[in-house]
Protein chains: 2
Amino acid sequence: MKEKQFKHKQAWVKTFFHARGFKCTPQRLAVLSVLKNSPKHLSISEIHSRVREFLPKVGLATIYRTLETLEELGLVVKVHLEDGCHSYTVVSREHGHPMVCVRCNRVFEFRECPIDRMSKRLSRKTGFAIETHFLQFLGKCQDCKR
Amino acid sequence: MKEKQFKHKQAWVKTFFHARGFKCTPQRLAVLSVLKNSPKHLSISEIHSRVREFLPKVGLATIYRTLETLEELGLVVKVHLEDGCHSYTVVSREHGHPMVCVRCNRVFEFRECPIDRMSKRLSRKTGFAIETHFLQFLGKCQDCKR
DNA sequence: AATCCAATTGAGAATTTTTTTCAATTGTAA
DNA sequence: TTACAATTGAAAAAAATTCTCAATTGGATT
Ligand SMILES: [Zn+2]
Ligand SMILES: [Zn+2]
Ligand SMILES: [Zn+2]
Ligand SMILES: [Zn+2]
């Protein structure tokens with residue numbers, strides 16, 4: 001059951017890569033899988049060491065390259081924190097925004113966008129043509145509250 | 001007139017530093033002034049070289065330390081971009097959000113916060129206690145549109 | 001105005017992070 | 001299977017950031 005779901009996902013990813021002209025390599029699948037299986041955002045070196053558990057000879061440069069690719073494909077995003085913006089998390093395909101727990105580092109996704117609806121108003125008001133926005137919430141998750 | 005305003009601002013900053021237990025040094029004033037006088041966001045090394053026009057012997061480490069301080073004091077913020085989060089801009093004291101032009105790099109400030117009002121709803125809905133949020137708009141300014 | 005002291009700085013070294021290079025490997029289309 | 005462009009690993013190079021420590025300095029106190 002779990003395995004079937006896994007295979008299904010893998011297949012989907014494979015198609016996804018091919019449709020965009022990228023090869024489906026074990027390294028890319030591993031990085032994606034590591035991120036998908038982590039409730040917390042992960043730094044580059046955390047990703048590296050976790051990937052190495054599966055593929056022991058993967059180099060750090062490959063992690064950098066892979067994350068760049070996955071980010072470009074919209075499968076992962078950088079997590080922006082007070083002390084730097086060097087960790088990553090997966091995102092669903094729909095436009096949503098990460099809520100990051102500053103205590104346990106878990107990332108939840110808020111699957112709404114409060115910005116969309118106000119974009120036009122902002123444009124009208126300021127003359128600025130918004131193309132994209134970065135929105136991220138920092139706080140405490142249900143478990144870490146209080 | 002302009003000079004008077006400048007002096008006034010300087011004095012204000014001095015008080016601001018002192019009230020928070022920081023010294024008012026030429027280096028800090030220079031970094032702040034460089035950022036205030038730049039309509040565009042600036043990278044660390046851009047800041048460094050501009051500061052050096054006034055104070056030729058300032059070291060790069062001082063720029064790092066100063067930016068950390070100014071950020072902590074809420075006088076400047078990091079600008080987050082697709083390809084990294086390594087440049088800075090000044091912000092007004094009120095809570096607002098930067099609109100960054102991806103063409104000319106100028107930063108405008110949207111002096112409203114669309115998030116405040118929805119924070120409670122989000123909390124109620126998700127159980128997540130928002131402490132801060134990070135919102136930034138990317139797009140084209142009036143001059144760079146079309 | 002002179003003194004004192006903790007905070008800050010400059011210089012450079014050290015460390016860490018990121019990018020580059022290139023030969024070897026490997027997905028994938030044919 | 002074969003062929004080839006894309007991708008990778010390994011190592012070096014480059015860039016970014018932090019650290020150390022003696023010297024300096026802002027500002028409080030006299
Ligand atoms: Zn938590
Ligand atoms: Zn959004
Ligand atoms: Zn960032
Ligand atoms: Zn512009």
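Chain letters run A, B, ... following the sequence lines, proteins first and then strands; every chain starts at 1.
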Separation of D/dT18 atom P from B/H48 atom NE2, nearest Å, is 15 Å
Heavy atoms under 4.0 Å, any strand shown: does B/R28 hit a base, just sugar-phosphate, or nothing?
-> sugar-phosphate
Face-on cation placement of B/R20 at B/F16 ring, 6.0 Å and 45° thresholds | yes
Could you tell me whether the phosphate oxygens of D/dT7, OP1 or OP2, come under 4.0 Å of any side-chain nitrogen or oxygen in A/T25?
-> no
Assert: residue with more 5' nearest nucleotide on DNA chain D, out of B/H18 and B/A61, is B/A61
Nearest-nucleotide comparison on DNA chain C, the residue closer to the 5′ end among B/K57 and B/H86 | B/K57
To the nearest angstrom, the NZ-C1' distance between A/K14 and C/dT26 comes to 13 Å
Indicate yes or no for a side-chain donor-acceptor contact from B/E46 to the backbone of B/S43 under 3.5 Å, with no hydrogens or angles considered.
-> yes
Over how many whole Å does the gap from B/E72 atom CD to C/dT8 atom P extend?
-> 10 Å
Measure the acute angle between the ring planes of B/F110 and B/F137, then classify it against the limits of 30° and 60° as parallel, tilted or perpendicular.
-> perpendicular
Which nucleotide sits closest to the side chain of B/R65: C/dA11, D/dT17, D/dT8?
-> C/dA11
What is the distance from CG of A/L67 to P of D/dT8, rounded to the nearest Å?
-> 11 Å
Report the relative orientation of the aromatic rings in A/H80 and A/F134; use parallel for angles under 30°, tilted for 30 to 60°, perpendicular for over 60°.
-> tilted
May I ask you to say what A/K23 touches in the nucleic acid, namely base, sugar-phosphate or nothing, with a heavy-atom cut-off under 4.0 Å?
-> base
If the plane angle is over 60° it's perpendicular, under 30° parallel, otherwise tilted; pick one for A/H95 and A/H133.
-> perpendicular
Atom CG of B/L73 and atom P of C/dT8 are separated, to the nearest Å, by 10 Å
Whichever of B/Y64 and B/Q27 has the more 5' nearest nucleotide on DNA chain D, that residue is B/Y64
What integer distance in Å separates B/F22:CZ from D/dT25:P?
-> 21 Å
Round to the nearest Å and state the distance from A/L60 atom CG to C/dT17 atom C1'.
-> 8 Å
Nearest whole angstrom, please: distance from the P of D/dT18 to the CD of B/E68.
-> 7 Å
Go through C/dA11, D/dT8, C/dG27 for me and flag the one nearest to the A/P26 side chain.
-> C/dG27
